[in-house]
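What follows is a short report on a single structure.
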Amino acid sequence: MAAPYDEAAWSEEAARRVWGGAVPLQVHLHDADVTALPPPPPFPTLGPRIGYLPLLIPVIKAHFSNTLPPGVDTVWFEYKGLPLKWYVPIGVLFDLLCADPERPWNLIVHFRGYPSEILSPCEGEDSVKWTYMNSLKEATFIITGNSKSVMNMSQADQIALWESVMKVNLDGYKNVSTRLKLGPFEEDGLVQTPSVERQQSSDEPESPGSGKPCRVPVRLYVRSVQEDLEDIEDAIPLSDWESVSYINRPFEIRKVEGRSYITLEHALQTLLPEFFSSKPAIRADDSQHVEALDSPPDDSDITNSSRSSQEVEQASVSLREADIAKKAKVKLVRVQGIELDMDIPFLWVANNLKNPEYYLHISVYVGKRKQ
Amino acid sequence: MCDVCRWTYQGRSAVCPCSAMGVSPVWDGTLSPDGFNASAAALIKRWKEIEVDDSLPDWTWKPCCKLGVPSEEEGYLALEGVYHSCEGSQVEESNDFDGADVVADDTWVQSSSDAAHVYDFHVVYSYSYKVPVLYFQAHLAGGQLLTLDEIKQDLPSNSFKVLSDSKWTFITREEHPHLSRPWFTLHPCATSDWMKLLLEQTKEQSLQYLPAWLSVVGQAVGLKIPPELHCNS
C-alpha cells in the first residue's frame, strides 16, 4: 500500500507553484518606435504565468519612456511577427507559442499601430479586469449552472479578488475565492450547491436540479505541427492565429465504465473528438470494437498498461486499419508549463493547475498529416 | 441522462426521479448542442419558406473547422451581406437612394451604394451558457470595418440605448470563437433567463428556440425579423 497521500498538502504545494510560476521576458522596443539613438536596451522582466501582458505595461513604459514618440500610445506585444492576444494568460501564450521554451522569452513591444483587425481593443488594466471577471462569471456558470456566487460578491470582495490576481497574492486570493464555493471537482461529478447537503452514504439520489452533472471549465489551444516532428523544438513558429484552434468548451464529469478515475486522455477525447476518433471505413464488427474502446490507437507515448491485454489485442488489429483514417495525432499536452502524461487524473489537473478565474488552460500540439 | 431535467441519474430505475417524484421539471431556458443544430436547420428552412420580398439574404450553416478538419456536428449560422440604409431600415437590393437619404445622416459622404453599410450576423452556440450568441460586424461595401458608434447610428433611434442600458443585453467587442478576429457580440449571460420566460408556455421549445431568440436579439441590432418566422405553422 502506498504511503498516505496528503491531498491537501499536495494541493497547497501545487497552488504555490502555479502562482509562483513566471516566464522570464526580454522586452524589445519595436524599431519604428525608437526615437532616440542609441536604441534602448531590451527590458528584462518577469511575466507571472497567471498574469496578463497589459499589466506589465506601466513598468515597461517607464523603462522606455525616454525614447518613445510623442502622442497617444496603443500598446501591443508581438512574438516572431505574431501579435499577442492580451486576454490570454502569459503562461498559456508561452506554452503555446514557444514549442521549445525560450528563456528569456524575447518579445517586441509596440506603442503604435495597434492591429485592431486582429486584436480586440485594450484599455489597460480595466480591460484585463473585465476579461478576468467575465471569465470568472462564465466559469461559475459552467460549474454551478448560474453566475450567482460571482454576481452576489460584495464590491469589496470583487476588488480584493482582482487585486490579488493582479499582484499575484495567493493568500489574498484564497481569502476571497473560498467564499465562492466553486469545486473542488470530484469524480462523482455532483455539484455542491450551498442549499443542498451531501448525502454521503445514502442510496437516494439527490433531488434533481441540484444534482446536475458538474462541468469543468476548459480552454483548449490546439496547434498543429509537422506530423513527423521528432523534437518539439523543431516546430515551425506560428505566424498567424488561424493556425490555432481555440476551443472554449466545458468538460462534463461523468463516471466512466470500468475506470476508477477520468484520465486526461479521456477528457481530451471528449473535447476534441475530431483529433482522436478514427473514422472506421470498415466492417461493422470492427467499428464496434472501435466504439467500445475509449482510447485511440496507440503509436505515441500513451501507455497501455491500464487496459487489459485482451482488449488491446482484439482492438489493435482493427484499429490499426482505422489508424490510417485518423487525421491528427496528439504530440504534446502542456498545462502551466508542465508536459502531462495522458493517464494523469484529469480532475486532479483541473483542481490544482487551473487559473485564478477557474479555467483550466491546455495547450495541445497535434501532428497534422499533410492532406 | 434524463431528457427532461438533463440530470444523469443512477440506479436501476428506468424513470428519472424528476418525474417519479411528481415534480414537474422546470425548463431552464437553455439549449443543448443537438437542439441548437436542429433549431438551426428548422430556422434555415422556415426562413426560405417565408421570405417573400428577397430583401434579406438566406441564413446558411457554416461547419466549424478545427485546424482544417471540418466538424460534422458543430457549426454556426450566418446571415451575411445585409444592407442597411442610413435611416435604419433595410433596403432592397435594388437600392433606390435619393437625396433625402444624404440629408438624413451626416455620416454619409455620398449617396451611392458604395457607402452602404453591410452587416454580417453569425449565431454561434455557447457551450458554456448553453445558449446561442449573436456576433455581428458591419463594413462598407469596399470592406472597411465600421466602429460601434457608426453602427449605433444605423439603429432605430431609441433601440440601441434602451437595449444596451437594459440588464438583458449589452454589446461588447470580443474575439469570434471560430474566426480569430474581434467581432461585436451581445453578451449571453442573461439569455437563458429571458428565453425561459419567452418560451415557458411553448411546446417544442428546442425547435422554436432560435426563431424566438432571434426575434428578440434582432431588435437590439436593427435586424428586422419577419414575424412569420416564429409563428407556429
Side-chain angles (χ1 to χ4, degrees), chain A residues 85 87-88 116-121 130-131 134-135 137-139 141-142 145-147 151 188-190 203-213 215 217-218 220 222-224 240-255 271-275 279 327-328 366 368 371, chain B residues 1-2 4-13 16-21 23 25-26 28 30 33 64-74 124-131 137 143-145 147-148 167 172-185 187-190 192-193:
Chain A
K85 297 190 178 185
Y87 39 86
V88 178
S116 43
E117 351 59 75
I118 303 173
L119 299 182
S120 49
W130 195 92
T131 297
N134 199 38
S135 299
K137 273 189 224 164
E138 193 176 333
F141 193 100
I142 290 169
N146 60 66
S147 302
M151 304 298 263
D188 58 14
L190 292 172
D203 290 326
E204 293 285 289
E206 287 185 58
S207 55
S210 63
K212 284 193 194 136
R215 304 189 296 160
V218 179
L220 289 164
V222 186
R223 169 184 171 175
S224 79
D240 59 64
W241 287 104
E242 275 75 23
S243 319
V244 176
S245 266
Y246 167 65
I247 293 148
N248 179 25
R249 189 169 164 170
F251 174 77
E252 202 162 295
I253 300 175
R254 282 178 209 205
K255 231 58 197 100
L271 295 171
L272 297 172
E274 297 88 345
F275 297 120
K279 300 264 185 237
K327 293 187 179 80
V366 297
K368 276 283 309 276
Q371 309 219 313
Chain B
M1 178 187 272
C2 173
V4 180
C5 71
R6 305 201 61 74
W7 183 56
T8 306
Y9 59 94
Q10 290 159 24
R12 298 256 163 231
S13 169
C16 176
C18 77
S19 19
M21 280 165 68
V23 173
V26 181
D28 62 3
T30 61
C64 293
C65 240
K66 288 170 192 166
L67 296 186
V69 180
S71 172
E72 294 188 351
E73 284 166 14
E74 289 174 50
V124 181
Y125 182 71
S126 163
Y127 284 92
S128 303
Y129 291 102
K130 298 191 276 190
V131 295
Q137 67 177 13
Q144 191 195 338
L145 286 176
T147 64
L148 191 56
K167 63 170 180 168
T172 59
R173 192 153 174 75
E174 275 179 32
E175 189 176 302
H176 190 296
H178 304 295
L179 297 182
S180 239
R181 301 254 143 164
W183 279 52
F184 294 109
T185 181
H187 201 278
C189 59
S192 57
D193 292 335

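Every heavy atom of this structure was used, including side-chain atoms; hydrogens, water molecules and symmetry mates were not. Nothing here was measured: the structure is a model prediction, and the numbers come from that model.
Contact annotation for A:S116: only backbone heavy atoms (N, CA, C, O) come within less than 4.5 Å of a heavy atom of chain B. If you measure heavy-atom distances from A:I247 to chain B, the contacts under 4.5 Å come from the side chain alone. For B:E73, no part lies near chain A; criterion is any non-hydrogen pair under 4.5 Å. Contact of B:S192 with chain A is made through the side chain alone, with heavy-atom distances under 4.5 Å. Neither the backbone nor the side chain of B:C64 comes within contact range of chain A; no heavy atoms are under 4.5 Å apart. Of the two parts of A:S243, only the backbone, made up of N, CA, C and O, holds a non-hydrogen atom closer than 4.5 Å to a non-hydrogen atom of chain B. Looking at A:P217, neither its backbone nor its side chain comes within 4.5 Å of chain B, counting heavy atoms on both sides.
Heavy-atom minimum distance, B:P182 versus A:S120: CG-N, 3.6 Å. Nearest heavy atoms, A:N134 versus B:E174: ND2-OE2, 3.7 Å.
Atom CD of B:Q144 has 12 or fewer neighbouring heavy atoms from other residues, nucleotides or ligands inside a 6.0 Å radius.
Using a 4.5 Å heavy-atom threshold, the side chains of A:N248 and B:S128 count as touching. Side chains of B:H187 and A:K137 form no contact here, defined as non-hydrogen atoms less than 4.5 Å apart. Using a 4.5 Å cut-off on side-chain heavy atoms (C-beta onward), B:S180 and A:E242 make contact.
We find the NZ-CZ distance between B:K130 and A:F141 to be 7.0 Å, quoted to the nearest 0.5 Å. The line from OG of A:S245 to NE2 of B:H178 is 10.0 Å long, rounded to the nearest 0.5 Å. In this structure, CD in B:E175 is found 3.0 Å from OH in A:Y87, a value given to the nearest 0.5 Å.
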